[in-house]
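Read the numbers this way: they start at 1 and go in the same order the structure lists the ligands and their atoms. Side-chain atoms are counted along with the backbone in the values below, which use heavy atoms only and exclude waters and symmetry mates. The structure displayed is predicted, hence computed values, not measured ones.
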Amino acid sequence: MKIFLDTANVAELRKGMDYGVIDGVTTNPSLIAREKCEFIPLIREITTIIPGPVSVEVTASSVSAMIAQAEEYAAIADNVVIKVPINLEGLQVVKTLSSRSIKTNVTLIFSVSQALLAAKAGATYVSPFVGRIDDISGDGMELVEDIAMVFGNYGLTTEIIVASIRHPLHFVQAAKIGAAVATIPFTTLTQLLHHPLTANGMERFLKDWEKVKS
Ligand code: G3P
């Protein structure tokens with residue numbers, strides 16, 4: 001499973017790259033707003049830190065305006081992927097961008113039918129938001145399983161990015177299902193490593209090591 005960081009924070013992205021486990025980045029308008037800096041230069045900087053796919057979301061509503069934004073963002077760097085919301089306009093945008101070989105990540109996916117239509121329109125990725133489904137007492141990971149099954153039924157090559165991940169269990173479940181990508185907040189990345197027995201084990205080894213005469 002590829003691991004993307006779900007952040008627009010340059011310091012987190014640099015740290016993630018140092019750890020050697022990050023394959024890409026997803027951003028959204030809320031994550032960009034948190035950084036309080038100019039949008040295009042920020043995206044440019046992110047694309048230089050992360051060699052893998054960098055998802056950048058369009059914010060216009062009409063098809064033509066979304067395509068214009070997409071072309072502007074795609075011109076920033078070769079690794080930019082255009083994030084498009086799932087709706088009728090979004091489908092048309094995905095179809096056009098796919099015919100121009102611009103990669104897309106169809107976002108705000110909350111149903112199998114949305115994912116299937118996005119894939120048929122030519123999406124490179126679909127992003128089901130598991131945490132937001134769990135937030136309203138649904139089962140986000142069940143949606144991921146269903147999308148994976150339906151894509152498998154028809155040999156669709158659109159990849160699933162499990163998004164809105166809130167904790168390590170989401171990450172592990174995504175891997176068990178065989179999702180292509182999990183996009184995780186930086187805090188989850190550090191939580192993935194934590195285990196009390198590892199911490200205790202290290203402490204005991206170091207204590208015993210102090211008794212060794214050199
Ligand atoms: O990038 C989209 C997604 O991961 C958002 O997550 O936590 O705002 O639901 P969250």
Side-chain angles (χ1 to χ4, degrees), residues 1-13 15-16 21-37 39 42-43 45-47 49-50 52-60 66 69-70 73-74 76 79-87 90 93-94 97 103-112 114-115 118-119 123-145 147-148 158-175 177 179-192:
M1 182 167 68
K2 292 196 171 110
I3 304 176
F4 291 1
L5 272 182
D6 196 30
T7 182
N9 184 278
V10 164
E12 290 181 346
L13 291 169
K15 272 193 217 160
V21 293
I22 298 306
D23 303 294
V25 185
T26 50
T27 68
N28 62 41
S30 308
L31 293 171
I32 297 280
R34 230 178 261 172
E35 298 311 309
K36 298 188 176 29
C37 37
F39 174 53
L42 175 61
I43 296 301
E45 188 174 4
I46 292 174
T47 60
I49 299 169
I50 307 288
V54 175
S55 284
V56 183
E57 189 155 344
V58 292
T59 48
M66 278 195 272
Q69 281 185 330
Y73 304 161
I76 295 173
N79 54 336
V80 167
V81 172
I82 304 301
K83 221 169 170 188
V84 182
I86 183 69
N87 54 34
V93 171
V94 169
L97 296 181
K103 290 185 175 165
T104 53
N105 171 4
V106 179
T107 189
L108 290 165
I109 295 284
F110 292 100
S111 72
V112 174
Q114 290 176 327
T124 316
Y125 303 101
V126 287
S127 288
F129 276 26
V130 295
R132 293 193 193 184
I133 295 177
D134 291 1
D135 286 344
I136 57 161
S137 305
D139 186 342
M141 296 313 302
E142 190 177 292
L143 172 64
V144 176
E145 268 172 357
I147 294 171
T158 300
E159 296 193 329
I160 300 173
I161 299 180
V162 180
S164 185
I165 281 183
R166 300 280 165 75
H167 48 68
L169 185 58
H170 277 150
F171 177 87
V172 172
Q173 288 170 322
I177 293 168
V181 184
T183 188
I184 58 176
F186 189 80
T187 47
T188 307
L189 177 64
T190 53
Q191 286 171 337
L192 290 177

Might you work through the side chain to side chain contact (heavy atoms under 4.5 Å, CB included) test for N105 and I161, ending with a clear yes or no? CA-CA 8 Å; N105 171 4; I161 299 180; 3.6 Å; yes
With a 4.5 Å heavy-atom cut-off, do L13 and I22 have their side chains touching?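 No. Closest side-chain heavy atoms not under 4.5 Å.
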Nearest heavy atoms of T59 and P29, plus distance in Å: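 Taking every non-hydrogen atom into account, CG2-CG, 3.8 Å.
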R166: which of T187, D135, T188, D134 passes side-chain hydrogen bond (donor to acceptor under 3.5 Å, both in side chains):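 That would be D135.
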Just do the side chain to side chain contact (heavy atoms under 4.5 Å, CB included) check on T27 and T7 with the steps written out, would you? CA-CA 6 Å; T27 68; T7 182; over 6 Å; no
Test ring-ring contact (aromatic ring centres under 6.0 Å, His included) applied to F186 - qualifying residues, sequence neighbours left out: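 Not a single residue meets the ring-ring contact (aromatic ring centres under 6.0 Å, His included) criterion with F186.
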Identify, chain by chain and in numerical order, each protein residue with a heavy atom under 4.0 Å from an atom of ligand 1.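 Those residues closer than 4.0 Å to ligand 1 by some heavy atom are D6, N28, K83, F129, R132, A163, S164, R166.
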